[in-house]
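Here is the naming used below: chain letters follow the sequence lines, and residue numbers restart at 1 for every chain. What you see is a predicted model; the values in this text were computed from it and never measured.
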Amino acid sequence: MAALLLPLPRPQAACTSWLDKCSDLDGLKQIHATMVKTGLVLDAVPASRLLAALCRSPDDGSLTYALLLFERLRCRNTFMWNTMIRALSDGNLPEQAVILYCQMRSGAMPHNPYTFPFLLKACAALPSALPETQQVHGHIIKHGFASEVYAANSLLRVYARSGCTGSARKLFDRMPCRDAITWNSMIDGYAKSGRLEMARQLFDLMEEKNVVSWTSMITGCVESCLFKEALEFFGEMQVMGVEADARALTSALTACAHLGALDQGRWIHTYIKKRQMQLDPALGCVLVDMYAKCGELDEALSIFETTRERNVAVWTAMIAGLAVHGLGREALDLFKEMEEAGVKPNHITVTSALTACSYAGMVEEGRCLFERITREYNMSPSVEHYGCMVDVLGRAGMLKEAEDLINTMPFDPNAAVWGALANACRIHRNFELGKHVGKMLIELEPEQSGRYIQLASILAAEGSWTQSLTTRKLMRERGVLKLPGCSSISVKGSVHEFVVGDRSHPQAEKIHLEWARILRRLRKEGYMASTDELLLDLEEEEKEAAVGWHSEKLAIAFGFISTEPGTTIRIVKNLRVCADCHAVSKLISKVYRRRIVMRDRARFHVFVDGTCSCKDYW
DNA sequence: CTAGGGTTAG
């Protein structure tokens, strides 16, 4: 840098070219020094270039330095004010950005078209965006920027994203000229607030839908748990010939992951490979998640290995993937590897690792991890962390400790926490505590059918048939509908759904005959229906009938008639698997030499040769 | 120097 100190024939040109190349704070300080010496810093153009370079620099303290410089400059113009407002907004200091804007106004510094987009980005990041946004709205109108499309679009977006779709829509309707960004911001605003019908309405009216419009609809569906609809939008987008980019594919893959739609997920993966797209962290993350949630753990691992830039979400997706496959040890090893790689866990990572401990019965490891949340990660355990920990202890039969943990929680336990305890009580047959907690749960979530079922199961397990029935009756009287168990199986790219005793499938007759055939074979192998979990006091024969047409079984039977012998059968269930279906699946995997991959509400069961990957601990 | 869409758990 010695050359900087020599007298310069054309100081302005020289400084300008250095500023373009230099991004580290030390270098910029030297350039600043030279500019002071040559007097160049008094000139607005080079001074604003220096300011912009400081704001761009990633080094610690460069923003502070920029602010100090800005305060001392006498030749401040609108460009410089804009630059500083943007820097503060990007630097996670939105309040400071707004304060700076107020100073700008009180000094009567004029706006220009660039001011409002920066300022409104800061407004959007404020804890309560609305009052500031409304004031800025006033300024925009007062100073004649209302027809400036950047300002109006920025304003529309802040309203839409803060849930004020009404205000956003008013603006939308009054805008003299709307471009694609206007439409997309409005559509996205509706979709993000869960108002999908409104989003859809505008979407249909939009003439030139681009990849952003489609992605907004796909994401909107995903966020409202309409995963099938999300994939329908994605499919339609292909038909319309709109090329998907990484963000569109990320959204679509999220839907595949939730559905367990392996075929569509693979199709998207192929799309990515064909176009040689780089796996950025978000795409790597959802690909790992999709393969893991579709039961293809090896594939998930191989994506994980090839994702170059692994942020905490990518690690977490892999850890969670191992966890749901019951590979607790491996999940914790990966957690350790992540820490060694210098990636800090967040609360989701810890939740996933605790889940791993719970599913694999690793009590000591769970305890140790729970303690490290405060001691090492500088976080306070969230209510989810407590819930996981209650599950770890409870599943392992340590009910007293689980209860103590709930009583020492620094906040009110939520339904998930009590739910974990109630489940543990049922498994370990502590009926007194179980009934107490079960009743509390119903009071806490009277609209949740699962809570009534939870109490009814505990009562049934205890043999209190009458009370069990009363609980179910209470549910009906309150108009709460039991969530029907539903299993889906994906065959050749299309998803077939079944509920208990389903006869709605076009091939229902064949499916039922096939199941009867399988059942005869299983009986020969010594199968007896296991009906301990049944909530009703029925004769043995009736009990077998009651579990005999569970949705899992129908899905398996359909798998038998529609796939080649020996191929894997993949089933996704919306609730937990019942004990009888679990036992039947084990037996089928042995007798028919079929691998069955069953994803239930919480985790995977991979049945091979008579055993399950969950080791019957679930 | 300006505005729009994506990731992990429960």
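Listed nucleotides: B/dA3, B/dG5, B/dG10. Nearest to the side chain of A/V149: B/dA3. Checked against B/dA3, B/dT2, B/dG10, the side chain of A/E384 finds its nearest nucleotide in B/dG10. Distance from the side chain of A/N112 is smallest to B/dC1 among B/dA3, B/dA9, B/dC1. Side chain of A/R86, nearest nucleotide from B/dT8, B/dT2, B/dG6: B/dT2. Here B/dG6 is the nucleotide among B/dT8, B/dT2, B/dG6 with the atom lying nearest to any side-chain atom of A/A282. Nearest nucleotide to the side chain of A/T250, out of B/dT7, B/dA3, B/dA9: B/dT7. Between B/dA9, B/dT7, B/dA3, one nucleotide has an atom nearer to the side chain of A/D179 than all others, and that is B/dA3. Of the candidates B/dG5, B/dC1, B/dT8, B/dG5 carries the atom nearest the A/V212 side chain, counting heavy atoms from C-beta on.
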N/O donor to acceptor pairs below 3.5 angstrom from side-chain atoms of residues 383-395 of chain A, sequence neighbours left out:
residue, atom, partner, partner atom, Å
A/E384, OE1, A/S382, OG, 3.2
A/H385, ND1, A/S382, N, 3.0
A/H385, ND1, A/S382, OG, 3.4
A/H385, NE2, A/H347, O, 3.0
A/H385, NE2, A/T351, OG1, 3.4
A/D391, OD1, A/R395, NE, 3.4
A/D391, OD2, A/S358, OG, 2.7
A/D391, OD2, A/R395, NE, 2.9
A/D391, OD2, A/R395, NH2, 3.3
A/R395, NE, A/S358, OG, 3.3

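At a cut-off of 3.5 angstrom, counting only N and O atoms as typed in the model, there is no donor on one side facing an acceptor on the other between the side-chain of A/D245 and the base of B/dG6. Side-chain atoms of A/N210 stay outside donor-acceptor range of the base of B/dG5, with no qualifying N/O pair under 3.5 Å. The base of B/dG5 is not paired with the side chain of A/S216 by any donor and acceptor separated by under 3.5 Å. Residue A/T215 places a side-chain atom within donor-acceptor reach of the base of B/dG5, judged by atom type and a 3.5 Å distance cut-off alone.
Note: A/Y101 and A/H139 have tilted aromatic rings, judged against thresholds of 30 and 60 degrees for the angle between ring planes. The aromatic rings of A/H111 and A/F116 sit parallel to each other, their planes meeting at less than 30°, with 60° as the upper class boundary. Between A/Y271 and A/W267, the ring-plane angle classifies as tilted under the 30° and 60° cut-offs.
For the pair A/F370 CZ and B/dA9 P, the computed distance is 20 Å after rounding to whole Å.
A distance of 14.5 Å separates NZ in A/K293 from CZ in A/R603, rounded to the nearest 0.5 Å. Atoms CG and OG, from A/L69 and A/S62 in turn, are 12.0 Å apart once rounded to the nearest 0.5 Å.
Between B/dG6 and A/K192, a contact under 4.0 Å exists linking OP1 or OP2 to a side-chain N or O. Listed pair A/T316 / B/dT7 fails the phosphate criterion, with no side-chain N or O lying under 4.0 Å from OP1 or OP2. Between A/R161 and B/dG5 there is a side-chain polar atom (N or O) within less than 4.0 angstrom of OP1 or OP2. Between A/R247 and B/dT7, a side-chain N or O to OP1/OP2 separation shorter than 4.0 Å is absent. Listed pair A/K121 / B/dA3 meets the phosphate criterion, a side-chain N or O lying under 4.0 Å from OP1 or OP2.
Remark: ring of A/Y114 does not overlap the six-membered base ring of B/dT2 in a stacked fashion, as centroids less than 5.5 Å apart with planes less than 30° apart are not both met.
Nucleic acid contact class of A/K209 (heavy atoms, under 4.0 Å, all strands): none. Looking at heavy-atom distances under 4.0 Å, A/I218 makes no contact with the nucleic acid at all. Residue contacts shown for A/A416 are absent, as no nucleic acid heavy atom lies under 4.0 Å away. Residue A/T355 is in sugar-phosphate contact alone, with no base atom involved, counting any heavy-atom pair closer than 4.0 Å across all strands shown. Within the nucleic acid shown, A/T254 comes within 4.0 Å of sugar-phosphate atoms alone, with no base atom in reach, counting heavy atoms only. Within the 4.0 angstrom heavy-atom criterion, no nucleotide atom of any strand lies near A/V350.
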